[in-house]
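Given the structure is predicted, the values throughout are model-derived calculations rather than measurements.
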Amino acid sequence: MAAPVLTPRADDFPRWYQEVVAKAELAENGPVRGTMVIRPYGYAIWELLQAELDRRIKAVGAQNAYFPLFIPEAYLRREAEHVEGFSPELAVVTHGGGKELEEPVVVRPTSETIINASIARWVQSHRDLPLIVNQWANVVRWELRPRLFLRTTEFLWQEGHTAHATEDDARALALRVLREVYEDTMVQVMAVPVVTGRKTARERFAGATTTWTCEGMMGDGKALQMATSHELGQNFARAFDITFSDETGSLVHAWQTSWGASTRLMGALIMAHGDDAGLRLPPALAPVQAVVLVARAGDGAGEAAAALARDLRAAGVRAELDDRTDTSFGRRVVDWELKGVPVRVEVGPRDLAAGQVTVARRDTGAKEAVPVGGAVAAVTERLAQVHATLLGEAAAHRDRATVEAASLAEAVEAAQDGFAHLPAALLADGGEQRLHEAAVSVRCLRTPGGGLPPSGDDLDGLVAVVARAY
RNA sequence: CGGGGAGUGGCGCAGUGGUAGCGCACCUGCUUUGGGUGCAGGAGGUCGGGGGUUCAAGUCCCCCCUCCCCGACCA
């Protein structure tokens, strides 16, 4: 056995993460601090994830649109909490065309303001509602401590923005997106179980009345906020004068939501499933679902492998042929393992002589000999199992690393390597601040049964999920 | 912004005043190929920038720049 390919996850998790990102050729740093080059393999994963999210976003009634990158600084200032929340991380353009601008423009950190300026024009009547738009875009939030995918100054995301006639309609949509877009994608596509709940006032989006979140547990027990869905009340409607005539003819402000998920999800994928050999991708997000490896040239191995790759593609599998027999077998195996390819088929003279091929699973590491004629079926069968295995492992890990805490001190202790459930009443009177000082935060609030609490700020009878977070 | 480090080949690093090196990666050839093969040869450097000391500076002194790590905010 040769030297380890990666720093073992248990030895130094952050270092392991960086090495996976580099060696699986997912991304690298850009020349400006905090910027990120997403490499072709990483981008291919993102495109698959994007397609899954986009389909679900449209299924809740959204239409895609595009709004400008540059926002007048004055727009940000219209909503007091919003500008206060985002000011520290704004990139501001002061010069254009060789001259100083009369009014500086902000590079969008999020698009509530500029989109709502349009929505104000588009919405006149209750018949125009609900209005549901989504955009895929890059946004910029100046980051002091960047980490590839998890926290970069520029990142890619989708942001949905809606206007409704009533508070109930807005709330229902915010929650529908949380469940049917985000949670469903995370569980069914990414194979990452999530904890859903309401953010505390402290963690709430700047300008929102209620923020809902999906929180995942990573391999080191830390939490990652994977998506948020906000009820905006009438805050932005008042700031941007979004009014409509209701059925009775009176002019009233619309109720709104916004919601987003970003390239940070790539980080979740890596940290939730990766192991000491590298990435482990769920089949739905694997650019290459099965690689057919010519183990060793000769005796028709190349031809048999090429034929199998063709058959797999015909069967709807994203399959690739690796016939680089001038590179050693071991190196190629290591490369595909780093990249997280779910199923590997090894074809060599020795296999063929026995009328078989070797099928290896990335998730369990299991290797089996199967007859040549049954290879396609064997691969599709295993692909169907990988997702459930990854999801099951992640859920088991989360459950093992989640404990019930009866005091702030117990919660801090438990949050060192997992999640703690804490009676939310203990957050009052500076309790949440004390958690914060111990580098621990409230990820979300839930009912004792794990359900979603009502909107608003009430803590009564709720359970706080507490953890260290990315 | 406060504290602590580091800038030497693509990446990671060594080099206490005297001919700029090592590992990985890269190129060529042979060898090997069923879990990161081995051997031989080769290409690649304004040692962050400027100034100073010295016969001689990657190394010592001064100034500047940049980056990284730890603390307060964040999808």
Side-chain angles (χ1 to χ4, degrees), chain A residues 1-7 14-15 18-19 22-23 28-29 31-34 36 84-90 108-111 137-147 149-160 182 199 202-206 208 211 213-216 223-230 258-268 277-278 293-299 301-302 305 322-338 344-354 356-358 360 365 367 369 433 436-437 439 441 469-470:
Chain A
M1 194 61 87
V5 176
L6 297 166
T7 298
R15 186 165 172 189
Q18 283 188 302
E19 289 179 0
K23 294 195 173 185
E28 59 194 31
N29 286 309
V32 173
R33 179 181 164 77
M36 168 170 61
E84 191 188 334
F86 281 103
S87 285
E89 39 186 356
L90 291 181
R108 64 178 163 223
T110 179
S111 303
N138 58 338
V139 288
V140 168
R141 299 179 186 179
W142 216 258
E143 286 294 346
L144 301 178
R145 298 189 55 190
R147 289 188 72 183
F149 291 122
L150 300 175
R151 193 186 294 112
T152 48
T153 284
E154 179 189 6
F155 56 92
L156 306 183
W157 77 345
Q158 58 70 218
E159 47 179 323
Y182 296 139
K199 287 290 188 185
R202 181 190 186 104
E203 304 281 337
R204 186 196 294 147
F205 176 73
T211 289
T213 182
C214 292
E215 302 280 329
L224 182 72
Q225 180 175 307
M226 293 174 64
T228 47
S229 182
H230 316 290
S258 68
W259 22 277
S262 73
T263 37
R264 170 179 271 190
L265 290 176
M266 295 286 292
L293 212 62
V294 180
R296 181 191 183 114
D299 296 333
D322 181 352
D323 58 0
R324 301 170 295 161
T325 47
D326 54 345
T327 300
S328 81
F329 173 79
R331 170 166 297 270
R332 290 182 290 143
V333 168
V334 164
D335 282 346
W336 292 114
E337 284 179 344
L338 274 167
R344 183 177 75 244
V345 185
E346 301 168 6
V347 181
R350 221 158 68 198
D351 286 306
L352 292 177
Q356 63 186 35
V357 297
T358 302
K367 265 185 170 186
Q433 174 63 24
H436 183 73
E437 283 158 13
S441 58
Y470 279 99

Rounded off to whole Å, could you give me the [atom1]-to-[atom2] distance for the [X] and [N] pair?
X	N	atom1	atom2	value
A:Glu337	B:G35	CD	P	12 Å
A:Leu224	B:C74	CG	P	15 Å
A:Asp299	B:U33	CG	C1'	14 Å
A:Glu346	B:U33	CD	C1'	13 Å
A:Glu143	B:A75	CD	C1'	9 Å
A:Glu215	B:C74	CD	P	13 Å
A:Glu84	B:C74	CD	P	11 Å
A:Glu19	B:G12	CD	P	12 Å

Check every strand shown and say whether [X] touches a base, only sugar-phosphate, or nothing at a heavy-atom separation below 4.0 Å.
X	result
A:Thr152	base
A:Gly348	base
A:Leu150	base
A:Pro349	base

Euclidean distance for [atom1], [N] against [M] (whole angstrom):
N	M	atom1	value
B:C47	B:C60	P	16 Å
B:A43	B:G49	P	25 Å
B:U46	B:G58	P	14 Å
B:C61	B:G18	P	15 Å
B:C11	B:G35	P	33 Å
B:A14	B:G5	P	16 Å
B:G45	B:C22	C1'	15 Å
B:G44	B:C27	P	16 Å

Just compare [options] and give me whichever is closest to any side-chain atom of [X].
X	options	answer
A:Thr358	B:A75, B:G35, B:G34	B:G34
A:Val334	B:A75, B:G35, B:G34	B:G35
A:Val5	B:A75, B:G36, B:G34	B:G36

Run the side chain to side chain contact (heavy atoms under 4.5 Å, CB included) test against [X] and tell me which residues pass, sequence neighbours left out.
X	result
A:Gln18	none
A:Pro14	A:Asp12, A:Arg147
A:Arg344	A:Val291, A:Leu293, A:Val333, A:Glu337, A:Glu346, A:Ala360, A:Lys367
A:Ala301	A:Val294, A:Pro349, A:Leu352

Considering all heavy atoms, the nearest [X]-[Y] contact:
X	Y	answer
A:Thr152	A:Gly34	CB-O, 3.3 Å
A:Phe86	A:Pro109	CD2-CB, 3.8 Å
A:Arg264	A:Tyr470	NH2-O, 4.0 Å
A:Cys214	A:Tyr182	SG-CB, 3.9 Å

Between the protein and nucleotides 25-32 of chain B, list the N/O to N/O atom pairs that are separated by less than 3.5 angstrom.
{"residue": "B:A25", "atom": "OP1", "partner": "A:Arg331", "partner atom": "NH2", "Å": "3.2"}

Has the side chain of [X] got a donor or acceptor atom sitting under 3.5 Å from an opposite partner on the base of [N]?
X	N	result
A:Arg332	B:G34	no
A:Lys367	B:G34	no
A:Arg141	B:C74	no

Report summary line: Nucleotide by nucleotide, nucleotides 67-72 of chain B touches protein heavy atoms under 4.0 Å in the pattern (B base, S sugar-phosphate only, - none) -S-SSB
Query raised in the report: Are the side chain of A:Arg108 and the backbone of A:Val139 linked by a donor-acceptor contact shorter than 3.5 Å?
Result: no
Report task. For the pair A:Lys23 (side chain) and A:Val5 (backbone), establish whether a donor and an acceptor sit closer than 3.5 Å, ignoring hydrogens and angles. Result ->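 A pair under 3.5 Å: yes.
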Test side-chain hydrogen bond (donor to acceptor under 3.5 Å, both in side chains) applied to [X] - qualifying residues, sequence neighbours left out:
X	result
A:Glu143	none
A:Ser111	A:Gln135, A:Glu159
A:Asp299	none
A:Glu154	A:Asn138

Query raised in the report: Stacking here means centres under 5.5 Å and planes under 30°; does A:Phe329 stack on B:G35?
Result: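 The ring of A:Phe329 is not stacked on B:G35.
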Query raised in the report: For RNA chain B, which ranges pair as stems of 3 or more consecutive Watson-Crick or G-U pairs, with both donor-acceptor distances under 3.5 Å?
Result: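 Ordered by first number, the stems with RNA chain B (at least 3 consecutive pairs each) read B:1-7 with B:65-71, B:10-13 with B:21-24, B:26-30 with B:38-42, B:48-52 with B:60-64.
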Query raised in the report: Would a 4.5 Å heavy-atom cut-off, applied to side chains only, mark A:Leu6 and A:Leu338 as touching?
Result: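 The answer is yes, as the side chains (C-beta and beyond) meet within the 4.5 Å cut-off.
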Are any protein N/O atoms closer than 3.5 Å to N/O atoms in nucleotides 39-42 of chain B? If there are, list each pair with its distance.
none

Query raised in the report: Start at the 5' end of RNA chain B and walk down; is the nucleotide closest to A:Arg344 or to A:Ala227 reached first?
Result: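 Final value for this comparison: A:Arg344.
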Report task. Report the residue (A:Ser262 or A:Arg324) whose heavy-atom-nearest nucleotide on RNA chain B is the more 5′ of the two. Result ->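 The 5'-side residue here is A:Arg324.
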**Report entry** Plane angle bin for A:Phe205 and A:His230 - parallel if under 30°, tilted between 30 and 60°, otherwise perpendicular
**Finding:** parallel
Query raised in the report: Cation-pi between A:Arg331 and A:Trp336: NZ/CZ under 6.0 Å from ring centre and within 45° of the ring axis?
Result: no
